[in-house]
Protein chains: 2
Amino acid sequence: MSPKTLKIDKLPTIRRLPAYLQILRALSVKGEEFVSSAYLADQMQIEAILVRKDLELTGISGTPRVGFRVQDLIAAIEKFLGWGRVLDTCLVGAGQLGAALLGHRELNQFGIRIVAAFDTDPVKIGSSLHGVTVFPLSRLSELLKRLTILLAIVCVPPDVAQMVVDQLVEGGIQAVWIFTSANITVPEHVIFQREDLLSGLAVLSARLTRIGPNGSST
Amino acid sequence: MSPKTLKIDKLPTIRRLPAYLQILRALSVKGEEFVSSAYLADQMQIEAILVRKDLELTGISGTPRVGFRVQDLIAAIEKFLGWGRVLDTCLVGAGQLGAALLGHRELNQFGIRIVAAFDTDPVKIGSSLHGVTVFPLSRLSELLKRLTILLAIVCVPPDVAQMVVDQLVEGGIQAVWIFTSANITVPEHVIFQREDLLSGLAVLSARLTRIGPNGSST
DNA sequence: TGTATCGTGTTATATGATAAACAAATATCA
DNA sequence: TGATATTTGTTTATCATATAACACGATACA
């Protein structure tokens, strides 16, 4: 009877927030104090009205003929996403994609700090990737409890994904961000977000083979 | 006057197609001949009615009390996405993310073949990543014309992204799949798809900090 | 052979997201 | 100081997507 998905409003808006944030930070660096919805719209390649709607969600209001205060917007978005303070995370599966995420500059810029990595490969275990130690997967539960880790980034092969997630859940993880396309189930209280690279490729392919140029870029 | 975004119908459906495809292939390997929308719905963690709506797009119709023919669905989805035959692509920016994509097994499974990589790092140039030779970026236009490359995968830092894309366009590229969050513009005739890792993290963070567990997983 | 059942296809409704239209507010300039 | 232009906020309309309701068709079984 309970719905499979709990509704979250404004999901498309939330997806756009990081992009706003990056533009705003660039403006901040340049010393700009105000920004108009028209400018943001141009940068985002969307309509200005949509920008204003989106910003509504942050609770910040602009002033007519002036625009929005850059600093306020940055603070509001960061607060909304919880990106103000650092969030300790771990990486499970230190393969190439995992390593890439570890080194991803933007991730660190948004309060994500990976404090431990786990893998089964004896060669990797004990080594350091981008300053993060790789532990054996067997120590996952133990370290999960010792360190204060709320979020896990999972980049393991599909066939072991469910097992890894189960261990994470058992270790008390609160959120899982997974880059594996496999049918994973988690308990209701665990936040679960799958990233599917192929879905983006699909819309690109569809355009390439049938529809033709330039559509929306969600 | 022309709209910034040309509407494409059924975009969410298209994003789900690769996931269907993977499930169907697994069934095919197991020798299953038919599949019901209920089964697919369960695997995808969506409603069965949505599955049927999605499959409608492929043109395949099921038979009552039996379901859909697995092989037909696979063929139809592949045809829809143009994933039946191999699509030659190149990778620009052979950093960690680029290397990860190169080695990504699933990409190869779906008809994407990377035939050349480009980078500016002298150390990487001339070497081979996963069997793909890394060329200097300066040879981009030249090789683009010699090889038959329709799609480019771009994984370069934001500050050089526009320049790289410009070169690709000049070299006659038809589609660009870019993993950099920067304000890129392309001519109308070029298909352009940006992949934003941060957007997924944003919805996860939003749930983690304010809303709570499990929502839809687009 | 006829009936019950189950899964699909179709039609209709509801929700949510984007765009448009308009009103209110503030800086600029005469 | 007052008029104007510009940018925001609000309301309304349109469009896209997801869900629901129902009818149809095929199989299974008596």
Side-chain angles (χ1 to χ4, degrees), chain A residues 1-17 19-20 32-70 72-73 76 199 203 206 211 215-218, chain B residues 1-17 19-20 27 32-70 72-73 76 199 202-203 206 211 215-218:
Chain A
M1 189 61 255
S2 77
K4 281 183 182 173
T5 57
L6 261 163
K7 292 289 156 46
I8 294 187
D9 237 37
K10 314 284 179 188
L11 222 138
T13 296
I14 294 176
R15 293 192 104 89
R16 282 188 289 267
L17 289 183
Y20 288 120
E32 297 288 335
E33 194 174 355
F34 292 95
V35 64
S36 72
S37 62
Y39 177 84
L40 290 172
D42 178 62
Q43 294 286 307
M44 302 272 298
Q45 309 195 130
I46 56 179
E47 297 293 325
I49 178 65
L50 186 52
V51 172
R52 293 206 294 277
K53 279 289 186 194
D54 284 346
L55 297 186
E56 205 176 284
L57 187 65
T58 70
I60 297 298
S61 53
T63 57
R65 180 106 195 189
V66 175
F68 298 82
R69 190 172 290 272
V70 173
D72 291 358
L73 274 183
S199 74
V203 334
I211 305 161
S216 71
S217 54
T218 305
Chain B
M1 190 60 258
S2 76
K4 280 184 182 173
T5 58
L6 260 163
K7 291 289 157 43
I8 294 189
D9 238 38
K10 315 285 181 188
L11 218 140
T13 295
I14 294 176
R15 295 191 103 88
R16 282 188 288 268
L17 290 182
Y20 288 120
L27 287 175
E32 297 287 336
E33 195 174 355
F34 291 95
V35 63
S36 71
S37 61
Y39 176 84
L40 290 171
D42 178 63
Q43 294 286 307
M44 301 274 296
Q45 307 193 134
I46 57 179
E47 299 292 327
I49 175 67
L50 186 52
V51 172
R52 292 206 294 277
K53 279 291 186 192
D54 283 347
L55 297 187
E56 206 176 285
L57 187 64
T58 68
I60 297 297
S61 53
T63 57
R65 182 111 191 182
V66 174
F68 298 82
R69 190 174 290 272
V70 173
D72 291 358
L73 275 182
S199 75
V203 335
I211 305 160
S216 72
S217 50
T218 305

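Residue numbers start from 1 in every chain, and the chains themselves are labelled A, B, ... in the order their sequence lines are given, proteins ahead of strands.
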B/L73 CG to C/dT8 P, in whole Å, measures 10 Å
Between CZ of A/R15 and P of C/dG16 the distance, given in whole Å, is 17 Å
Protein heavy-atom contacts under 4.0 Å, written 5' to 3' over nucleotides 20-30 of chain C as B (base), S (sugar-phosphate only) or - (none), form the string B----BBBS--
Atom CD of B/Q45 and atom P of D/dA18 are separated, to the nearest Å, by 16 Å
Could you tell me whether the phosphate oxygens of C/dT8, OP1 or OP2, come under 4.0 Å of any side-chain nitrogen or oxygen in B/S37?
yes
Between the CD atom in B/E56 and the NZ atom in B/K10, the distance rounded to the nearest 0.5 Å is 6.5 Å
When rounded to whole Å, the CD1 to P distance for the pair A/I14 and C/dT18 reads 12 Å
Whole-Å distance, A/L55 CG to D/dG9 P, equals 8 Å
A/T58 meets the side-chain hydrogen bond (donor to acceptor under 3.5 Å, both in side chains) criterion, sequence neighbours left out, with none
To the nearest angstrom, the NZ-C1' distance between B/K10 and D/dC15 comes to 12 Å
To the nearest 0.5 Å, atom OG of B/S37 lies from atom CD1 of B/I49 at 8.0 Å
In whole angstroms, the gap separating C1' of D/dG25 from CZ of B/F68 amounts to 14 Å
Report task. Could you tell me whether A/T13 contacts a base, only the sugar-phosphate backbone, or nothing, with contacts defined as non-hydrogen atoms closer than 4.0 Å? Result -> nothing
| task | State, yes or no, whether a side-chain contact exists between B/L50 and B/M44 at a heavy-atom distance under 4.5 Å. | result | no
Taken to the nearest 0.5 Å, the spacing of A/L17 CG from A/D54 CG works out to 7.0 Å
A/L50 atom CG is separated from C/dA17 atom P, nearest whole Å, by 11 Å
Taken to the nearest 0.5 Å, the spacing of B/D72 CG from B/L55 CG works out to 12.0 Å
